[in-house]
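Heads up: the structure comes next, in structure tokens.
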Amino acid sequence: MPIRKTHSRAREGSSHSIHASTLPHPPPKQLHDPLSHAIDATLLALSLLYIFFCPYTKVEESFNIQAIHDLLIHGAAPSGLSHFDHLEFPGAVPRTFIGAVALAAAAWPLKIICISLLGLPKIVLQYIVRALLGTFTVVSLRSVRLATQARYGVLVGRWFALLCATQFHLLFWGSRTIPNTFAMGLWNLALARWVALPQPHTAVTWARESDGVAGTRELSKASKGTGPVPTSDPKTISGIATYSEPIFSSVVSYLALAAIVFRAEIAALAAPIIVMELVLTRRATFFPTLRAGVTASTISILATVTIDSFFWRRWLWPEAASFVFNAVEGKNAEWGIHPWWYYGVLVPRIATLALPLAAYAAYRIPPSRLYLLPAALFVTIYSVIGHKEWRFVQYVVPVLNLTGAMGLEHIHEQAGLSLRVLRHESHPSRTAPTGPSNRNRKRYAWTFVAALFGLTISAVFTVFSIYVSSLNYPGGYALARFHRIFGVPQSRLPHLYVHMDVLTCMTGATRFGELWSESLPARDDVLDTKQNENGTTEVKSESAIKMKGHWRYSKNETHKDAKDFEAYSHVLTEDPRILLWTGKWKAVDVVSGYTGLDVVVAKMKWWKDLMQTITSPGVDIRGFMSHLIEKAWPLKVRVEEKIWLLKKIEK
């Protein structure tokens, strides 16, 4: 494959203006070929598949999913604000409404079609909202892929997509309404713009003449020291910085929005990037960067304070309040303390094969270190904080996928293997690299095969993780089963009063799942209330509610004794004993949930049972997966009874 150098005199250090090839190439036609569309469609299909198998949410997602429900059902007018869930259950720290408002606005036309016109149950809206958020995540990953392809070659971008597809956490949580997911989407957009910056202090680039994309061979050239060389020419540096300023300004803007509105930890990731670009690579200059940061920060602060103060009914900057609660007051320690090395366990779990490939890239490909250094500093900074969760550092996964794709392509290049479909080139074969010997080439070839095998194993564990995760939401399934057991046509709805305990609400029961409560009259019209001296409204007695053909749902967390449940007709609870012993209640059903894993030896005749399952009438995909994992998988999923459905015995 012919390689051309855009400036033959670059190594002589001659002074010249920056060549056009040093600038980001516009996406060529190959970036938009049918295979690229198929890759994007695959990532979106996987995201939607996760939603289908695990449609319910957990406590981390509670605020945003409930806020979206309230916006869609009650609207944003002051008259409907009294029905909002966050006023009754505010949580440990306040969260921003900006993400919820954006998703509710996007879902509003679909709500009119599905609910008002087609008459579908409102749980459909939960699927729609999560699908919209998942689409945003996939689109942001696509922007990183396109920028990677334009900078480092088509195949590197496709390795990036393959790594994303075989990781469970990235796409599974990409549709879940935690603040980190909104911040992750903005971080991906910033990463795409960061990758689009010209190579630092470089007057030449390497390009493949077959596809016109700079950098496909740059990986192997850089590893051998024969690729683009740095230059100290002031004119060249000035030209690169001038071209980079608007691009890097957008990077700073995305990071400021993510840190100020959604998750403050993004600032710990943005700081080393900005310092590195100002001091080390000099692709950015101080005042344009400062101007972009101040502008984006001012707009973000004004937006979040204005919108969130309206919904929270007090002046508030939610992310600042969360930062004070967690970092300044140190109250995040109440959720557990972990040792400093804990992320050494969490990061490999969520990054899978991308981590060793990124480590290889850091050793052999100098350009990869540009992206890995801020990510490593970010994880180091967060290792000092006592309370640790994987979602706090999930932003390093796209960086590891990017550099891991660079490492995988370098191995592939050195092995001299041909992947015509992935490369999308018309040549019948590729010219093997002249660098490695035949012995080393075989070693690279076996390493490449091992990497592909690792990706396959990662994909298999992703399928297994989907099945396990589907068992982790007993509250959502219990509420759905409750409606199937006791539901009747809405014209003949009995006056039921349902209580859901804490575990039920933490494991999937949301306002979207309360199928027959959306047309409740205004709260002040149906409750026995009184006005306090400070102007707030207080409910004197929930038993005073007068319903007119709709079900009532309660999440009251203060009930302790059997007498506290006398007003209810049904209860969803994890502990039925306090009610069953009275003799006034009976258990109707129970929903099981995930509790752990056991290592077992697979039975030799499992395939016969599997064939019988496949050929049996009425088999569904969930049952097929359950049977396959139970019979052939060395890990056995342990489940136990979680949520009980109780009904009061009628006299």
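Atom set for the values below is all heavy atoms of this structure, side chains included, hydrogens, waters and symmetry mates excluded.
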Flag side-chain contact, heavy atom, 4.5 Å: [X] against [Y]:
X	Y	value
Met184	Asn180	no
Leu171	Val138	yes
Leu170	Ile350	no
Asn64	Ile178	no
Thr304	Glu319	no
Glu265	Tyr382	yes
Val590	Leu645	no
Leu353	Ser458	no

With rounding to the nearest 0.5 angstrom, report the [atom1] to [atom2] distance, [X] to [Y].
X	Y	atom1	atom2	value
Thr510	Ile65	OG1	CD1	6.0 Å
Thr148	Leu141	OG1	CG	10.5 Å
Phe53	Ser470	CZ	OG	8.0 Å
Phe160	Leu408	CZ	CG	13.5 Å
Gln126	Glu61	CD	CD	8.5 Å
Thr137	Trp173	OG1	CH2	12.5 Å

query: Out of Val101, Ile73, Leu103, which one pairs with Ile68 under the side-chain contact (heavy atoms from CB on, under 4.5 Å) rule?
result: Leu103

message: By the definition side-chain contact (heavy atoms from CB on, under 4.5 Å), identify the one residue from Ser47, Ser465, Cys54 that meets it with Phe172.
response: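 The option that passes is Cys54.
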
Testing the basics here: between [X] and [Y], what is the closest heavy-atom pair and its distance to 0.1 Å?
X	Y	value
Leu71	Ala104	CB-CB, 3.8 Å
Phe136	Gly185	CE2-CA, 3.6 Å
Gly80	His74	O-CB, 3.8 Å
Ala587	Leu580	N-CD2, 3.9 Å
Leu48	Ala131	CD2-CB, 3.7 Å
Ser383	Tyr343	OG-CD1, 3.6 Å

- prompt: With sequence neighbours excluded, what pairs up with Asp40 under the side-chain contact (heavy atoms from CB on, under 4.5 Å) test?
  reply: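 If we apply the side-chain contact (heavy atoms from CB on, under 4.5 Å) test to Asp40, skipping adjacent residues, the hits are Arg142, Arg145.
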
Compute whether any side-chain donor of one residue and acceptor of the other, for [X] and [Y], lie under 3.5 angstrom apart.
X	Y	value
Asn556	Ser554	no
His570	Tyr553	no
Ser469	Asn472	no

Polar side-chain atom of [X] near backbone of [Y] as donor-acceptor pair, under 3.5 Å:
X	Y	value
Thr42	Ala38	yes
Thr462	Thr166	yes
Lys111	Leu72	yes
Ser143	Ser140	yes
Thr403	Ala358	no
Arg130	Ser175	yes
Thr181	Gly174	no
Lys122	Arg511	yes
Gln66	His86	no
Lys648	Tyr568	yes

Glu389/Arg391 ion pair, N-O < 4.0 Å: yes

- prompt: Between Asp308 and Arg95, is there a salt bridge with N-O shorter than 4.0 Å?
  reply: no

- request: Decide if atom CZ of Phe89 counts as having more than 12 heavy atoms of other residues, nucleotides or ligands within a radius under 6.0 Å.
  value: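 Buried by this count: over 12 neighbours within 6.0 Å.
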
query: Would you say Phe325 has more than 12 foreign heavy atoms packed within less than 6.0 Å of its CZ?
result: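 Correct, the count exceeds 12.
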
query: salt bridge (Lys or Arg N to Asp or Glu O under 4.0 Å) between Lys555 and Asp501: does it pass, once the steps are laid out?
result: CA-CA 6 Å; Lys555 300 191 296 182; Asp501 71 349; over 6 Å; no

Candidate pair Tyr395 and Asn188, rule side chain to side chain donor-acceptor pair (under 3.5 Å), full reasoning: CA-CA 8 Å; Tyr395 317 104; Asn188 288 337; over 6 Å; no

Is the distance from the ring center of [X] to that of [Y] below 6.0 Å?
X	Y	value
Trp585	Trp644	no
Tyr473	Tyr477	no
Phe63	Phe97	yes
Phe486	Trp551	no

task: Sequence neighbours left out, what pairs pass salt bridge (charged side-chain N to carboxylate O under 4.0 Å, His left out) with at least one residue falling in residues 392-402?
output: none

message: Pair Leu572, Leu479 - check side-chain contact (heavy atoms from CB on, under 4.5 Å), show working.
response: CA-CA 8 Å; Leu572 306 182; Leu479 185 58; 4.0 Å; yes

- prompt: Could you go step by step and tell me if Arg158 and Leu35 meet the side-chain contact (heavy atoms from CB on, under 4.5 Å) rule?
  reply: CA-CA 9 Å; Arg158 290 172 182 171; Leu35 184 55; 3.5 Å; yes

- request: Please state whether the rings of Phe392 and His387 are parallel, tilted or perpendicular, taking 30° and 60° as the class boundaries.
  value: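 Perpendicular, since the angle between the ring planes exceeds 60°.
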
message: As a quick check of understanding, evaluate side-chain contact (heavy atoms from CB on, under 4.5 Å) for Leu646 and Thr573, giving each step before the final call.
response: CA-CA 8 Å; Leu646 305 182; Thr573 180; 3.8 Å; yes

message: Applying side-chain contact (heavy atoms from CB on, under 4.5 Å) to Asn401 and Gln167, what does each step give before you reach the verdict?
response: CA-CA 10 Å; Asn401 289 349; Gln167 291 168 334; 2.7 Å; yes

